[in-house]
Amino acid sequence: MNFKLKIWRQKDAKSKGEFKTYEVTNIASDTSFLEMMDILNNDLVHKGEEPVAFDHDCREGICGMCSMHINGHAHGPETAVTTCQLYMRKFKDGETITIEPWRSAAFPVIKDLVVDRSAYDKILQAGGFISVRTGSVVDANCIPISNADAEESMDAAACVGCGACAATCKNGSAMLFVAARVSSLAKLPQGRVEGARRAKAMVAKMDELGFGNCTNTGACQAECPKSISITHIARLNREFLAAKLKD
Amino acid sequence: MSNFLCNSSIGKKLVMSISGCFLVLFLLFHMSMNIAALFSAEAYNAICGFLGANWYAVAGTLVLVAGVFVHFAYALWLTIQNRKARGQQRYAVTVTEKGVSWASKNMLVLGVIIIGGLAIHLIHFWSNMMLVELMGEHSVVIAGVEYAPTDGAGLIAFTFSKWYNVLIYVVWLAALWFHLSHGAWSMIQTVGWANDKWYPRLKCLSTLVATLICGGFALVVIFFYIKSLGCC
Ligand code: HEM
Ligand code: SF4
Ligand code: FES
């Protein structure tokens with residue numbers, strides 16, 4: 001397969017970027033999107049040009065490093081996958097593919113397609129943990145947790161912190177990410193204890209870092225590679241408001 | 001409790017939600033009241049008389065003004081913050097994500113249309129009714145005809161005999177419909193009373209509420225326009 005790639009190139013955080021068009025040829029349909037980028041970079045290096053910088057690590061959909069806004073979608077047109085799990089067979093032969101970095105004030109571009117997502121780490125550090133040692137694995141059913149609660153907690157825990165939610169949101173809101181972290185812990189007895197403090201601390205950090213206000217468009221859940229539902233945002237709202245009203 | 005209603009995103013959204021809910025309830029009441037005009041001018045004017053320049057009607061009006069003001073001010077505040085959070089650099093390619101309604105992305109624009117329509121509406125009715133009474137007058141002359149400030153039915157018949165007024169109100173109500181089709185379920189989500197099982201139901205209810213309110217108002221407008229054409 002052959003593709004025309006319109007890629008955002010930006011030298012560093014301070015420079016002004018622009019789109020550059022490249023062509024890749026003879027790409028097997030089972031090539032992953034990141035492998036296709038590797039092939040392009042290989043060509044560029046051979047031509048003595050600067051390769052395109054992009055984030056990646058595990059290449060199996062678990063680390064959340066790969067990003068890229070592809071043809072208007074975070075992680076490309078396929079639903080519920082990260083960019084490393086996206087394959088070129090999803091595109092039409094000869095198609096022009098536009099590749100942009102995440103665009104959100106809280107995620108400034110560092111170079112080309114790489115953005116600084118440390119704002120998410122800071123939110124996590126503000127409260128996305130439990131402060132006691134839980135020790136090693138306890139006997140099954142020692143702490144009773146209903147199957148429904150365990151499932152919901154695990155659904156939320158699937159969040160890989162990729163940033164697609166804030167990158168997609170027209171309000172630049174990080175609510176889906178924060179909600180996933182608050183929800184996964186709130187549903188378990190170990191996390192429940194610090195529920196109120198966690199919700200307040202994480203929301204305060206999120207606001208402080210300049211993320212926007214959720215208007216419930218639902219765009220985040222449509223683009224989230226882990227299909228995290230906005231049902232968790234409802235829970236975060238509940239947790240936060242209950243905590244504030246009790247203060 | 002501190003002042004989380006102005007210094008946290010979720011607190012600010014709570015203000016949007018409660019003020020929005022208050023306005024929805026008011027509109028439900030106003031729409032039901034208007035339906036009376038379809039059946040009897042006397043009955044409608046009796047309601048108008050009841051809601052004249054009495055202390056409770058004036059107090060109610062002031063609360064409404066406060067509600068609209070708070071909702072509008074917070075809408076502007078939140079939207080300005082949101083645009084800043086989005087950043088200067090926008091995507092070159094954008095799409096409408098799956099399951100995302102057009103209304104949900106255009107709440108402020110729709111709200112501004114609603115405010116514009118509201119201004120025209122207040123000039124048409126409030127300034128010829130409650131305001132006249134507040135000024136201590138007992139009648140108002142519009143296009144050479146004298147109206148009592150409690151003659152709501154007469155004013156309706158006059159206003160909606162003009163095609164351009166009908167057009168303005170229909171556009172206004174359409175904007176309101178879109179705003180409510182998202183707003184009505186969004187306000188429930190904001191206070192946290194929603195979940196995956198309830199989203200389809202809440203969205204359906206939202207459409208119903210929006211259609212009931214806007215349809216009810218539009219019915220009165222169109223009924224009086226057709227009546228003015230003299231065919232019934
Ligand atoms: C005065 C002009 C208005 C403006 C500028 C305006 C603007 C907005 C904005 C920007 C939002 C936030 C979007 C969101 O939360 O999804 C919103 C939400 C809402 N609006 Fe309005 N609006 C106006 C009038 C109204 C009126 C007249 C009603 C009621 C009939 C109403 C009901 C609602 C509701 C129920 C919400 C949802 C609140 C929530 O999400 O928690 N709005 N409005
Ligand atoms: S909620 Fe989804 S989109 Fe947001 S950071 Fe987590 S995995 Fe990524
Ligand atoms: S590279 Fe780890 S999720 Fe894509």
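Any value given below was found using the heavy atoms of this structure, including those in side chains, with hydrogens, waters and symmetry copies removed. A note on names: the letters A, B, ... follow the listed sequences, proteins ahead of strands, and every chain is numbered from 1.
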### Query
Is it the case that A:H73 and A:E223 place a side-chain donor and acceptor less than 3.5 Å from each other?
yes
### Donor-acceptor contact below 3.5 Å, side chain A:D149 vs main chain A:I145
no
### Message
If I measure from the heavy atoms of chain B, does A:T168 come under 4.5 Å with its side chain, its backbone, both, or neither?
### Response
both
### Query
So does A:E100 pair up with A:K6, basic N to acidic O under 4.0 Å?
no
### Query
Side chain, backbone, both or neither: which part of B:K84 has a heavy atom under 4.5 Å from chain A?
backbone
### Task
Go through the atoms of A:T217 and report whether side chain, backbone, both or neither lie under 4.5 Å from a heavy atom of chain B.
both
### Query
Which bit of A:L209 is near chain B, if near means a heavy-atom gap under 4.5 Å: side chain, backbone, both or neither?
neither
### Task
Could you tell me which portion of A:F240 (side chain, backbone, both or neither) has an atom closer than 4.5 angstrom to a non-hydrogen atom of chain B?
side chain
### Query
Any idea which of A:M175, A:M206, A:K170, A:R238 has the most non-hydrogen atom pairs under 4.5 angstrom with chain B?
A:K170
### Query
Do you know which of A:N213, A:N237, A:V203, A:N171 has the most heavy-atom pairs under 4.5 Å to chain B?
A:N213
### Task
Keeping the roles fixed (side chain from A:R117, backbone from A:C162), state whether a donor-acceptor pair exists under 3.5 Å.
yes
### Message
Between A:T231 (side chain only) and B:D196 (backbone N and O only), is there a donor and an acceptor less than 3.5 Å apart?
### Response
yes
### Query
Is chain B contacted by the side chain of A:A242, its backbone, both, or neither, given a heavy-atom distance below 4.5 Å?
neither
### Contacting moiety of A:I233, where chain B heavy atoms sit under 4.5 Å
both
### Query
So does B:E97 pair up with B:K105, basic N to acidic O under 4.0 Å?
yes
### Query
Are the side chain of B:Y91 and the backbone N or O of A:R103 linked by a donor-acceptor pair below 3.5 Å?
yes
### Task
Could you look at A:P108 and say if it's the side chain, the backbone, both or neither that has a heavy atom under 4.5 Å from chain B?
neither
### Query
Is there a donor-acceptor contact under 3.5 Å from the side chain of B:R86 to the main chain of A:C169?
yes
### Task
Please look at B:W198 and chain A and tell me whether the side chain, the backbone, both or neither of the residue comes under 4.5 angstrom of a heavy atom of that chain.
neither
### Task
Pick whichever of B:Q189, B:R83, B:Q81, B:K98 has the most heavy-atom pairs under 4.5 Å with chain A.
B:Q189
### Query
Is chain B contacted by the side chain of A:F107, its backbone, both, or neither, given a heavy-atom distance below 4.5 Å?
neither
### Task
Go through the atoms of A:A219 and report whether side chain, backbone, both or neither lie under 4.5 Å from a heavy atom of chain B.
both
### Message
Is it the case that the side chain of A:D12 and the backbone of A:S15 share a donor-acceptor pair, with hydrogens and angles ignored and the cut-off at 3.5 Å?
### Response
yes
